[in-house]
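To find a chain, count down the sequence lines: A is the first, B the second, and so on, and within it residues start at 1. Keep in mind it's a predicted model, so treat the numbers as computed, not measured.
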Amino acid sequence: MPRLTADFYLREDTLAVARELLGKILVTHFDGQRTAGVITEVEAYRAPEDRACHAYGNRRTPRTEVMFRPGGCAYIYLCYGLHHLFNVVSGPEGMAHAVLIRAVEPIEGRDIMCQRRKYAAWENLLPKQKIALTTGPGALAQALGFHARQSGQSLTDPHSPMWIEDQGMHLAETDIARGPRIGVDYAGECAQWEWRFWIKHSPFAR
DNA sequence: CAAACGATCGGCT
DNA sequence: GCCGATCGTTTGC
């Protein structure tokens with residue numbers, strides 16, 4: 001299956017990019033280990049106006065510099081000293097827009113994901129454990145093997161070990177739910193913006 | 001140079 | 001529900 005190309009990521013409408021990432025397939029291929037999952041939950045972040053965005057007010061720091069690159073690369077950072085959160089940079093160069101991937105449904109390399117998460121083998125997991133394996137941004141990033149040192153890597157370069165595919169899953173507007181973003185209470189009125197989207201009936205989304 | 005702070009998770013009550 | 005873990009980034013002195 002072909003990777004999504006730069007034109008998908010370069011669009012300025014961050015909310016459209018976020019919604020359209022639902023149902024796409026996030027794939028990693030690190031050290032010969034291939035894992036993939038259907039994207040089921042996302043959040044949009046968008047400088048300069050969004051207080052919850054690390055690049056709020058278009059402030060550039062060494063960490064957030066990659067958010068200003070042309071859309072189509074990864075922004076991965078360490079959160080709470082423990083979790084590596086994976087984002088897709090979008091928008092044209094100079095606009096710090098990104099979509100946080102919050103959950104996926106595993107479809108390939110399930111046992112590799114289990115190893116990385118220190119879970120038992122997939123087929124021995126309880127239904128609740130299968131869901132916990134890749135639901136939540138820290139959990140899915142660990143399962144797919146993401147690390148902050150990979151921040152800035154391309155999703156569109158044919159040789160890059162991380163990418164997103166369209167395998168033809170179609171979602172109607174009525175299949176998509178939206179609500180406020182999680183964990184951004186510090187962001188004033190931006191915290192109420194409904195910039196979080198998920199596949200309505202997926203068990204792999206809150 | 002010191003200190004505060006997270007776009008979270010999992011275990012325990 | 002609550003709380004502790006844990007550390008790079010950022011900011012302020």
Side-chain angles (χ1 to χ4, degrees), chain A residues 9 14-15 17-19 21-22 26 37 39-69 71 73-91 95-106 113-120 124-153 155 162 164 177-198 203-206:
Chain A
Y9 301 104
T14 318
L15 301 189
V17 173
R19 277 192 299 263
L21 281 170
L22 294 174
L26 176 59
I39 297 171
T40 54
E41 182 181 345
V42 297
E43 282 175 359
Y45 289 84
R46 192 183 152 95
E49 71 274 20
D50 174 15
R51 246 197 149 76
C53 179
H54 291 159
Y56 172 59
N58 284 336
R59 78 182 193 284
R60 289 173 183 257
T61 67
R63 181 180 62 158
T64 61
E65 191 62 30
V66 304
M67 293 183 80
F68 291 88
R69 294 191 193 171
C73 66
Y75 170 50
I76 308 172
Y77 71 96
L78 183 65
C79 184
Y80 295 106
L82 295 164
H83 309 289
H84 298 266
L85 304 201
F86 172 77
N87 300 253
V88 175
V89 172
S90 68
M95 317 213 76
H97 302 169
V99 178
L100 171 68
I101 309 301
R102 292 191 54 88
V104 303
E105 175 168 353
M113 297 187 195
C114 289
Q115 282 178 5
R116 290 179 177 145
R117 298 270 288 131
K118 305 195 192 308
Y119 276 48
N124 295 328
L125 297 182
L126 302 169
K128 278 188 174 179
Q129 294 176 308
K130 288 182 177 175
I131 289 166
L133 184 68
T134 55
T135 299
L140 115 255
Q142 184 181 24
L144 294 209
F146 288 116
H147 192 283
R149 65 176 158 261
Q150 301 154 336
S151 193
Q153 282 208 24
L155 302 173
M162 55 178 81
I164 299 174
R178 72 184 291 175
R181 294 171 295 179
I182 305 285
V184 297
D185 297 339
Y186 59 88
E189 68 169 27
C190 305
Q192 300 168 37
W193 297 351
E194 297 196 323
W195 283 13
R196 173 170 160 257
F197 302 91
W198 66 95
F204 294 86
R206 311 278 168 87

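- Look at A:Glu41 and A:Arg206 and you find no salt bridge, because none of the NZ, NE, NH1 or NH2 atoms lies under 4.0 Å from a carboxylate O.
- Between A:Trp195 and A:Glu43 the shortest side-chain heavy-atom distance does not fall below 4.5 Å.
- In the set B:dA7, C:dT10, B:dC9, the nucleotide with an atom closest to the side chain of A:Tyr186 is B:dA7.
- Closest of all the heavy-atom pairs between A:Cys73 and A:Val66 is SG-O, 4.1 Å.
- Side-chain contact of A:Arg116 with A:Gln142: a donor-acceptor pair under 3.5 Å is absent, judged by distance alone.
- Residue A:Arg60 is out of contact with every strand shown, counting any heavy-atom pair closer than 4.0 Å.
- Summarising the geometry, the separation between NE2 on A:His84 and C1' on C:dT6 is reported as 11 Å, rounded to the nearest angstrom.
- A:Arg63 places its CZ atom 12 Å from the C1' atom of C:dT11, with the value rounded to the nearest Å.
- Of the candidate nucleotides C:dT10, B:dA7, B:dC9, B:dC9 has the atom nearest to the side chain of A:Ala139.
- With hydrogens and angles disregarded, no donor-acceptor distance shorter than 3.5 Å links the side chain of A:Thr135 to the backbone of A:Ala103.
- Backbone-only contact: A:Leu78 has heavy atoms under 4.0 Å from sugar-phosphate atoms and none from a base.
- Remark: side-chain polar atoms of A:Arg181 are paired, donor with acceptor, to backbone N or O of A:Ala44 under 3.5 angstrom.
- Protein atom NZ of A:Lys118 is 13 Å distant from nucleotide atom P of B:dG11, rounded to whole Å.
- Checking C:dC7, C:dT6, B:dA7 against every side-chain atom of A:Leu82, the shortest atom distance belongs to C:dT6.
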- Query: What dot-bracket string describes DNA chain C from 5' to 3', counting Watson-Crick and G-U wobble pairs whose defining distances are under 3.5 Å, with [ ] for crossing pairs and | for pairs to another strand?
  - Reply: |||||.||||||.
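- Taking atom CG of A:Leu140 as the reference point, atom P of B:dT8 lies 12 Å away to the nearest angstrom.
- Set against B:dG10, B:dA7, B:dT8, the side chain of A:Ile182 has B:dT8 as its closest nucleotide.
- Inter-residue side-chain proximity for A:Leu155 and A:Met162 is flagged as met; some heavy-atom pair is nearer than 4.5 Å.
- Contact annotation: A:Arg102 does not reach the phosphate of B:dA7 (side-chain N/O to OP1 or OP2, under 4.0 Å).
- Rounded to whole Å, the distance from CD on A:Gln129 to P on B:dG10 is 11 Å.
- Taking only side-chain atoms of A:Leu85, from C-beta outward, the nucleotide of C:dT11, B:dA7, B:dC9 with the closest atom is B:dA7.
- Nucleotides B:dC12 and C:dT6, compared at atom P, are 15 Å apart to the nearest Å.
- To the nearest angstrom, P of B:dT8 lies 5 Å from OH of A:Tyr80.
- Considering only the side chain of A:Arg117, B:dG10 comes nearest among C:dT11, B:dA7, B:dG10.
- Using a 4.0 Å heavy-atom distance criterion, A:Arg59 is classed as a sugar-phosphate-only contact.
- Across every non-hydrogen atom of A:Phe204 and A:Ile131, the tightest pair is CE2-CA, 3.6 Å.
- Nucleic acid contact for A:Arg181: none, since no nucleic acid atom lies under 4.0 Å from a heavy atom of the residue.
- A:Ile76 has its CD1 atom 14 Å from the C1' atom of B:dA7, to the nearest Å.
- A:Lys128 has its NZ atom 14 Å from the P atom of B:dG10, to the nearest Å.
- As judged by a 4.0 angstrom heavy-atom cut-off over every strand, A:Gly81 is placed among the base-contacting residues.
- Per the stacking criterion (ring centres < 5.5 Å, plane angle < 30°), A:Tyr77 does not stack onto the base of C:dG8.
- Cation-pi contact between A:Arg69 and A:Tyr75: absent, since separation from the ring centre below 6.0 Å together with deviation from the ring axis within 45° is not met.
- You'll find that the side chain of A:Pro137 is closest to B:dT8, out of C:dA5, C:dC7, B:dT8.
- Across B:dG10, C:dT10, B:dA7, the shortest atom-to-atom separation from the side chain of A:Tyr119 is found for B:dG10.
- Judged by distance alone with a 3.5 Å cut-off, a donor-acceptor contact links the side chain of A:His54 to the base of B:dA7.
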